[in-house]
Amino acid sequence: MSNQQVKITLPDGSVREYEKGVSGLQIAVSISEGLARNVLAAKVNGEVWDASRPILQDSSVQLLTWNDKEGKSTFWHSSAHLMAEALESLYPGIKFGIGPPIENGFYYDVDFGDKPLEGAELEQIENKMLELARQKNDYIRKDVAKKDAIAYFKEKGDEYKLDLLEGLADGSITFYEQGNFVDLCRGPHIPNTGFIKAAKLLNIAGAYWRGDEKNKMLTRIYGITFPKAKELEEYLHMLEEAKRRDHRKLGRELELFTFSEKVGMGLPLWLPKGTLLRERLVAFMKRAQDKSGYQQVTTPHIGHKVLYETSGHYEKYGKDSFQPIHTPNDGEEFLLKPMNCPHHCEIYKHKPRSYKDLPIRYAEFGTVYRYEQSGELHGLTRVRGFTQDDAHIFCRPDQVKEEFIKVIDLVLYVFKALGFEDYTAQISLRDPDNKEKYIGTDEAWNKAEASIIEAAAERGLETVTELGEAAFYGPKLDFMVKDALGRKWQLGTIQVDYQLPERFQLEYIGSDNQKHRPVMIHRAPFGSLERFVAVLIEHCAGNFPLWLSPEQITILPISEKFIEYAEQVKSILEDSDITGAIDNRDEKIGRKIRDAEVKKIPFMLIVGEKEQQEGMISVRKHGEGDLGAMRPEEFVSYFKGIIREAIAH
RNA sequence: GCCGACGUAGCUCAGGGGUAGAGUACUUCCUUGGUAAGGAAGGGGUCACGGGUUCAAAUCCCGUCGUUGGCUCCA
């Protein structure tokens, strides 16, 4: 074979020969014109390259389009450059920090000197971007010697790029140029600006240079772009929908929870309906846990400081927590409990344990308090007091994997029952280069990490692995769910822990009559009830599954003459644990229906003369309309059937 | 915690150096009704809080608190 040819392996496994120096774009042309029009970049041997970059050796090549995650991020990275070009032309002399793509769009950090950017100017920048995009300027890659790069940015007076250059080795430095804009950049980029057809700058925020508050604050401009105007419209529509579903808004409107300045920031007050919702979630989880061999325990809201010193939490988090509570006389110090595990360890210790007793699974809906940074508080998703659906499994080392798998099954059952069909799992391991952040021996860590990886594999979970994301005492498996709008939320967590049993000197007597150390598994399928409720609200837009709905029905008498009959119906339903109220206001039926629809009550039961005479109720379903008349008993069994189906295994 | 924006009735918001406004919700009355808003009247606000400027501050300035968009952090 001639050495002027390269073999290109495509994702479908086929191998084609091209002339040496062929580009991704040329390969695309040889496959189909449509692909050639859409190709944004090429993945060459696992590395994303410019579509125009020559390929000099045999390679496996994947052509990236808007449909690929990496295609999108290349597109947005190039869009950041386009925005920078627009900014530079509108505000000459500004300096640039970094401008990376992010999950949805991109940002660029910019130093505008002393004149701050106003929100109203964003539209002007968008227009300039689109104007520049229409010029279809190529993104041109250039290798640059370090000294030339430094000279360029010295001349320009951009100290941020000079700062970045310091960390780069000569020979690996590239510039990208499009139109009149040149930027230090590793790339890759899309072929030309013409691919960018729609742009929206979303918001402006401050961000410190290199994320360090000792440095100057730059103006960060967030934006998003699309290859089709219609996709931008859809995206903006999705943002509107997200706003409509915001749990803070729905929580207020549906009277689930509230906050009070007087009580304190980040401390939610659960209203009666919200409390009912919580209680239903708790009952559901308790039932599932009972079936899986858990036992409920109850522990106080405070504990001796010594307890948390023993666990290691005080050393790690004490300074940033709520400060200790001092007793009046004898200098004792108590902490508001920031987690339940130390208490559960002490319960384990209250009597000698045999290997035959294990595993022991202690569960508690324990309310914990953490002094989260004020700037981080957000609705119910980030609060200072919250209730975990916590449990700790104490088991023998040989039981770890089996127990871990059982917990995975429980988590998946919970997600399914609550309508989270789309989830991913993340294995969080310790950062091997930063071991001093963690407590415990290498041996224990290796064992713990191995059992998580094996258990996840055994259940066929699709996982991503993140180094450095472990808790300080052990590795974990976190579950991320995707909600109805495709947004990801971290919920459940499972953690293997060899450290706390050591620190609390937990023991059991083995079959060899010797003392052994049990292993702990921490787990919380919801994570916290607060966060879970928030995610659930946004997922279902406030239209809760029937079995969770705090107001499952409302009875709507046609006029006050039928209130008495409504009471009779209500008492029949109450006997079957169906909750709801009678709307006995002096309003017409149309009004009552409208209000019940707005309140997202699943069923409206209309009673008037006809129903009273025949002993029936007219059933109207939220969002669907009239289902016709039924006897109350018929409705009860229809209702129960829906619930049975929803939470069946 | 840091930077920016915001804070007027329960909610959504208008106004703006000199009697505080709307819609909706609430109360009362009329109406007794058939599947997404019947009519009328009425009550309700120290314009977040504390200072300052001014003859006069809800309005301008400063501070505090809170909310919010980010940054940093998250057992």
Side-chain angles (χ1 to χ4, degrees), chain A residues 102 107 109 116-119 202-222 246 248-249 252-253 255 258-266 308 311-318 320-321 337-342 368-379 381-384 388 390 439 469-474 476 490 493 495 497 499-500 522 524 527-528 531 556-563 585-599 604-611 618-629:
Chain A
I102 51 177
Y107 66 81
D109 285 345
L117 187 70
E118 309 241 332
L202 298 161
N203 48 39
I204 308 176
Y208 296 104
W209 172 238
R210 290 182 179 274
D212 186 339
E213 65 181 74
K214 289 196 236 13
N215 291 334
K216 180 162 182 187
M217 173 153 306
L218 307 179
T219 305
R220 177 169 294 179
I221 307 173
Y222 286 88
D246 189 318
R248 293 166 300 183
K249 177 172 137 66
R252 186 170 53 232
E253 287 172 4
E255 301 188 320
T258 187
F259 288 89
S260 148
E261 285 186 28
K262 247 181 197 145
V263 172
M265 52 161 74
Y308 307 103
S311 70
H313 289 101
Y314 187 75
E315 191 196 353
K316 188 100 178 135
Y317 297 103
D320 304 319
S321 291
K337 91 172 155 184
M339 82 295 303
N340 303 297
C341 22
V368 297
Y369 300 89
R370 298 177 185 177
Y371 190 83
E372 304 291 354
Q373 295 188 63
S374 61
E376 202 44 53
L377 300 173
H378 179 91
T381 59
R382 197 69 192 274
V383 287
R384 285 178 169 171
Q388 296 177 309
D390 208 0
I439 60 174
E469 292 292 308
F472 74 94
Y473 52 72
K476 53 183 185 172
Q490 199 214 301
T493 178
Q495 308 172 1
D497 181 1
Q499 321 305 334
L500 280 191
H522 309 240
S528 89
R531 188 179 169 77
L556 311 181
I558 295 288
S559 81
E560 67 183 4
K561 284 183 264 178
F562 309 105
I563 290 180
R585 291 176 305 166
D586 181 11
E587 292 291 351
K588 292 196 185 175
I589 194 66
R591 179 51 180 269
K592 293 183 184 183
I593 287 170
R594 183 189 144 76
D595 289 347
E597 291 280 355
V598 168
K599 282 158 80 183
M604 289 149 269
L605 309 178
I606 296 156
V607 292
E609 184 161 13
K610 199 171 61 189
E611 289 79 7
S618 283
V619 179
R620 183 189 163 102
K621 194 169 182 184
H622 170 76
E624 289 183 26
D626 196 356
L627 298 187

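Order of the sequence lines fixes the chain letters, A, B, ..., with proteins taken first and strands second; residue numbering starts at 1 for each chain.
For the side chain to side chain contact (heavy atoms under 4.5 Å, CB included) with A/P338, the qualifying choice from A/Y369, A/Y308, A/Y371 is A/Y308, the only one to do so.
B/U19: glycosidic angle within 90° of 0, hence syn.
Here, B/G63 and B/U53 have their C1' atoms 15 Å apart, quoted to the whole Å. Comparing B/G21 with B/G44, their P atoms sit 13 Å apart, to the nearest whole Å. Comparing the P positions of B/G7 and B/A48 gives a spacing of 8 Å, expressed to the nearest Å. Spacing between B/A75 and B/G69 at atom C1', rounded to whole Å, works out to 27 Å. Taking atom P on both B/U72 and B/C65, the two are 24 Å apart, rounded to the nearest angstrom. Across the C1' atoms, B/A14 and B/A9 are found 13 Å apart, a figure rounded to whole Å. B/G18 and B/C11: their C1' atoms are spaced 31 Å apart (whole Å). Across the C1' atoms, B/C74 and B/C62 are found 35 Å apart, a figure rounded to whole Å.
Partners of A/D109 by side-chain hydrogen bond (donor to acceptor under 3.5 Å, both in side chains), not counting sequence neighbours, listed by chain and number: A/R220. With sequence neighbours left out, A/R370 forms a side-chain hydrogen bond (donor to acceptor under 3.5 Å, both in side chains) with no residue at all. Remark: A/L377 pairs with A/M265, A/E372, A/R384 by the side chain to side chain contact (heavy atoms under 4.5 Å, CB included) rule, at least two apart or across chains. Applying the side chain to side chain contact (heavy atoms under 4.5 Å, CB included) test to A/K249 and every residue at least two apart in sequence or in another chain returns A/D246, A/E253. Residues satisfying the side-chain hydrogen bond (donor to acceptor under 3.5 Å, both in side chains) test with A/R252, not counting sequence neighbours, are none. Not a single side chain to side chain contact (heavy atoms under 4.5 Å, CB included) links A/E315 to another residue, sequence neighbours left out. In this structure A/V598 satisfies the side chain to side chain contact (heavy atoms under 4.5 Å, CB included) test together with A/R594, sequence neighbours excluded. Applying the ring-ring contact (aromatic ring centres under 6.0 Å, His included) rule to A/Y222 yields the partners A/Y107; only residues at least two apart in sequence or on another chain are considered.
By the 4.0 Å N-to-carboxylate-O rule, A/E597 lies close enough to A/R620 to be salt-bridged with it. The pair A/E376-A/R382 meets the salt-bridge criterion, with a side-chain N (NZ, NE, NH1 or NH2) lying under 4.0 Å from an Asp/Glu carboxylate O. Here A/D595 pairs with A/R591 in a salt bridge; the nearest charged N to carboxylate O distance falls below 4.0 Å.
For the residue pair A/S618 / A/E611, a side-chain donor-acceptor distance below 3.5 Å is found, with atom types taken as modelled.
Put simply, the side chain of A/L500 reaches to within 4.5 Å of the side chain of A/H522, judged on heavy atoms.
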Considering only nitrogen or oxygen atoms on both sides, find all protein atoms under 3.5 Å from nucleotides 62-64 of chain B and state each distance.
none

**Asked** Which dot-bracket string fits RNA chain B when only Watson-Crick or G-U wobble pairs with both atom distances under 3.5 Å count, crossing pairs get [ ], and | stands for a partner on a different strand?
**Response** (((((((..((((....[..)))).(((((.......))))).....(((((..]....))))))))))))....
**Prompt:** Reading nucleotides 33-49 of chain B from the 5' end, what letters show protein touch, with B for base, S for backbone sugar-phosphate only, - for no heavy atom under 4.0 Å?
**Reply:** BBBBBB-----------
**Complete:** With B for base contact, S for sugar-phosphate-only contact and - for none (protein heavy atoms under 4.0 Å), nucleotides 67-75 of chain B reads SSSBBBBBB
